Structures are given as C-alpha cells and as structure tokens.
Number of protein chains: 2
Amino acid sequence: MSPRMKLDVSVILQKAIELIDQHGMEYLSIGSLAKELQVRPPSLYNHISGLDELKQKLAIHGIKALYERMLQEAAGRSGDEAIRALSKTYLQFVRTHPGLYEAATRFPDPEDKELQQAQQAVVNLAVKVLEVYHLKKETAVHLVRGLRSILHGFSSLEQMGGFAMSLNVDESFSLLINTFIEGIHLMAMREKDEIQSEE
Amino acid sequence: MSPRMKLDVSVILQKAIELIDQHGMEYLSIGSLAKELQVRPPSLYNHISGLDELKQKLAIHGIKALYERMLQEAAGRSGDEAIRALSKTYLQFVRTHPGLYEAATRFPDPEDKELQQAQQAVVNLAVKVLEVYHLKKETAVHLVRGLRSILHGFSSLEQMGGFAMSLNVDESFSLLINTFIEGIHLMAMREKDEIQSEE
DNA sequence: TGCAAAAACTAATTATATTAGTTAAAATGT
DNA sequence: ACATTTTAACTAATATAATTAGTTTTTGCA
C-alpha cells in the first residue's frame with residue numbers, strides 16, 4: 001500500500017489515454033483513473049486541477065500526436081503521394097487511438113490557445129502539401145477544408161459504426177481520396193487556363 | 001404553482017431540443033430540463049426512464065427530422081441537382097439544430113434498432129439519388145459513404161469552429177460538393193467504358 | 001359523487017467531483 | 001546522519017446530479 005506511486009502529469013496522461021482508447025471517453029472519470037493508477041481520487045488533484053483540465057490536456061496531446069505522425073509521413077513526399085500518405089496516416093491514427101481522437105475533437109474548449117495552435121499546425125501541413133499544385137491561396141484553403149472534412153467525416157463515421165454494409169471500408173476510403181485528388185487536378189488545370197486567358 | 005403542467009414525452013422532447021440547440025448537449029441534464037419545464041426533477045421519470053433514454057430518443061428524433069427534410073428536398077429532383085439539394089439541406093439542418101445533430105451523432109447507443117433503421121433510411125435515400133448514374137451497386141455504396149463523410153465531416157468541423165480562416169465557408173462547401181459530383185461523373189464514365197470493352 | 005389511474009410531489013439514496021485539512025515520504029542542506 | 005522543507009499521498013467532508021421509494025394530488029370516467 002505504502003510504496004508511493006510515482007505519479008506525475010505524464011503518467012496520468014498515459015494511463016488516461018490507455019483507458020479511453022480501450023473503453024471510450026465516457027468511461028474516463030477521476031474515480032476510474034485513480035483506480036487504474038492505484039491511488040485515491042483526491043491524489044490526482046496534486047497534479048491536475050480537475051477532470052476538465054485533464055480532458056483539455058488529452059485533446060491537445062491527441063492533436064499533437066496526430067500532427068507528429070502526419071509530419072513523419074509527409075517528409076520526403078509531395079503531391080498526390082503526400083496526400084495519400086497523410087490521409088492513410090490520419091485514418092490509421094483514429095483507428096489506433098479512437099479514444100484519444102474523440103478527446104481531441106469532441107470535448108476541448110476551442111478557446112484554448114495551445115489547442116488552436118496545434119490544430120493550425122495540422123492545417124499548415126496540409127496547405128504546404130498542396131503547394132506543388134500552384135493553386136491560388138484561396139483555392140488551397142478551400143481544398144484543405146475539403147480534405148479535413150473528408151478525413152474527419154470518414155474516420156468519425158467509421159468509429160461510430162456508420163459503415164454497416166459488408167463492402168470493404170478501405171476501398172471506400174481510397175476511392176474517396178482518389179476522387180478528391182482528381183478534383184485537385186481539375187482545379188489546378190482550370191486555374192492555369194484562367195491565367196493563360198487573362199494574359 | 002399548482003396548475004399542473006401537462007407534460008408528456010413529446011413536450012419533454014420539444015423542450016429538450018430547444019435547450020440543446022441553444023446551449024449544447026453538455027447543458028442537458030434532468031435538473032436543467034425540469035427547471036425549464038417548471039417541474040421537479042423526479043417528475044420527468046413518469047415519462048422517461050432516465051437521461052440515457054432521453055438522449056437516445058433525441059438521437060432518433062434528430063435523424064428522423066433530418067431524413068424528413070432530405071426527403072422533401074429530394075422529391076422531384078435527380079442527379080447532380082438532387083445531390084446539391086440534399087447536401088445543402090444537410091448542412092442547413094446542422095446549422096439550425098446543432099444540438100439535435102450532436103445528439104444524433106455523438107451519444108446514441110448504436111445497437112438500438114430504431115436508430116439503425118432511421119440511419120438506414122438516410123443511406124437508402126442517397127443510394128436512390130445515385131441510381132440515375134447507373135453505377136455498379138458496389139460503386140454506389142462507396143460513393144454514398146463518401147458523400148456521408150463529406151457532409152458529416154464538413155458540418156461537424158464547422159460546428160466545432162474548425163474553419164477559422166475568414167474565407168467564405170459556403171464557397172468551400174459548394175466547391176467540395178461539386179468536386180465530389182465530378183468524381184461521380186468520372187466513375188460513371190469509367191464503368192461505361194469497362195462494360196463496353198468487355199463486350 | 002366516488003373510484004381508479006396518472007402524474008405530480010417530498011425525502012432519501014447513490015455516484016461522482018471536488019475541497020479542506022492532515023500526514024507521511026522524499027529530497028535537500030548542514 | 002540528521003533536521004528541515006517540500007511534495008504528494010491520505011482521510012474526511014461537501015456539493016451536485018441522477019435516480020428510487022413512497023406519498024399525495026389531480027384528473028377523468030363510471
């Protein structure tokens with residue numbers, strides 16, 4: 001009983017992540033987490049200010065973790081290949097960390113600066129990947145919004161059991177991403193034409 | 001005080017919807033709802049079995065309401081025009097009823113038969129709208145998954161304040177839907193070619 | 001009018017988060 | 001090694017919310 005747990009914020013976060021990836025966010029409570037860590041509930045308050053702060057930390061951690069993985073995959077790739085890699089990584093992340101992704105998207109206080117910054121980093125990465133297509137800045141932002149919608153929508157629907165039909169889910173995803181990529185090419189061509197006709 | 005509130009399930013649901021569309025799902029509690037209805041919290045248990053059942057009813061109601069509106073808009077339309085109408089209606093619904101949409105997508109027990117049936121109705125409507133393109137059954141299902149991903153993803157990101165840039169959000173949406181529609185045309189053409197080369 | 005059912009109520013119970021105040025362990029300096 | 005300070009656990013108490021039990025009031029119909 002007495003051999004003091006060596007708790008700290010990162011140990012708490014780690015255990016919380018395990019717990020939510022396994023059982024979902026609704027299972028996370030000060031009580032369930034304290035039990036996992038083999039301490040009494042009030043002990044957690046020496047490290048975090050409460051459940052809300054913990055959820056916020058999980059959200060930020062989740063977005064940063066997703067960003068790290070996407071950055072890894074984007075390195076050394078460009079264009080269509082980079083988009084496919086990023087998309088695959090995103091879906092993979094949500095499948096591996098459903099609870100953490102849930103924490104990152106459902107519960108955070110959107111006012112939080114650190115959160116906003118982490119989200120912006122993901123967006124910036126996507127913008128960068130689109131640079132090779134030489135799109136107008138505006139068009140690039142529209143397309144990044146589209147890609148995010150696709151990735152978040154598909155992942156979320158899959159997680160909530162939304163794809164009931166037996167049809168292969170990965171094929172649906174590839175098809176969707178490829179369709180989107182073809183859309184980018186169309187946009188790029190059209191803009192090139194516009195510019196030429198203006199000259 | 002005494003002139004008995006004439007409560008019933010539908011009055012409760014109606015007030016709950018007002019409450020969540022205005023303040024979000026996290027604000028919904030037996031206590032807050034009872035206060036709105038000017039009764040004591042235990043009184044609600046004469047009509048519903050508890051908060052979980054209420055949330056489930058809200059979810060089902062939400063999906064059915066969305067389906068009704070989509071059905072209205074799909075009537076008398078087909079092809080590209082129908083897809084645009086459905087998409088616009090979907091986004092409009094989420095904007096008008098953010099709390100109800102949240103209830104419909106975030107909290108329901110996915111095992112519930114009535115819920116599954118309501119969700120299936122939406123999917124079937126989308127499948128029907130795609131019929132005019134004469135796609136293979138499989139392709140149609142892939143595309144419906146794609147369209148749902150786009151609609152859910154875009155709506156959700158917008159609701160969570162995910163589109164921070166000042167760039168016009170409706171334009172992003174139109175562009176995304178139009179890109180998707182062009183993707184459908186491409187798929188349709190390819191399948192026609194395949195069939196011809198097989199003959 | 002009187003009775004049965006419905007639907008409200010008060011009071012009590014349970015679960016959870018949180019705070020207050022206490023104590024034990026660990027780390028640090030002499 | 002020992003005393004002091006700090007950290008981080010603990011127990012006990014409080015607050016809020018959901019829920020249940022049991023009671024009473026109202027309503028509608030015979």
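What you see is a predicted model; the values in this text were computed from it and never measured. Lettering follows sequence order; numbering is per chain, from 1.
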*Is His47(A) near enough to dA9(D) that one of its side-chain N or O atoms lies under 4.0 angstrom from OP1 or OP2?*
yes

*Check whether any side-chain N or O of Arg40(B) sits under 4.0 Å from OP1 or OP2 of dA8(C), and answer yes or no.*
no

Starting from [atom2] on [N], measure out to [atom1] on [X] and report it in whole angstrom.
X	N	atom1	atom2	answer
Leu44(B)	dC9(C)	CG	C1'	13 Å
Ile12(B)	dA7(C)	CD1	C1'	11 Å
Tyr27(B)	dT16(D)	OH	P	15 Å
Leu37(A)	dC10(D)	CG	P	11 Å
Leu7(A)	dT6(D)	CG	C1'	17 Å

*Can you tell me if CD on Gln117(A) sees more than 12 non-hydrogen neighbours from other groups inside 6.0 Å?*
no

Any residue meeting salt bridge (Lys or Arg N to Asp or Glu O under 4.0 Å) with [X], in chain and number order, not counting sequence neighbours:
X	result
Glu131(A)	none
Asp193(B)	none
Glu18(A)	Lys15(A)
Lys55(A)	none

List, with names and distances, any nitrogen or oxygen atoms from the protein found under 3.5 Å away from nitrogen or oxygen atoms belonging to nucleotides 16-19 of chain C.
residue: dA17(C); atom: OP1; partner: Ile30(A); partner atom: N; Å: 3.1
residue: dA17(C); atom: OP2; partner: Ile30(A); partner atom: N; Å: 3.2
residue: dA17(C); atom: OP2; partner: Gly31(A); partner atom: N; Å: 3.0
residue: dT18(C); atom: OP2; partner: Tyr45(A); partner atom: OH; Å: 2.7
residue: dT18(C); atom: OP2; partner: Leu51(A); partner atom: N; Å: 3.0
residue: dT18(C); atom: O5'; partner: Tyr45(A); partner atom: OH; Å: 3.1

*Please evaluate the base of dA9(D) for a donor-acceptor partner in the side chain of Asn46(A) within a cut-off of under 3.5 Å?*
yes

_Residues which pass side chain to side chain donor-acceptor pair (under 3.5 Å) with Tyr67(A), listed by chain and number, not counting sequence neighbours_ = none

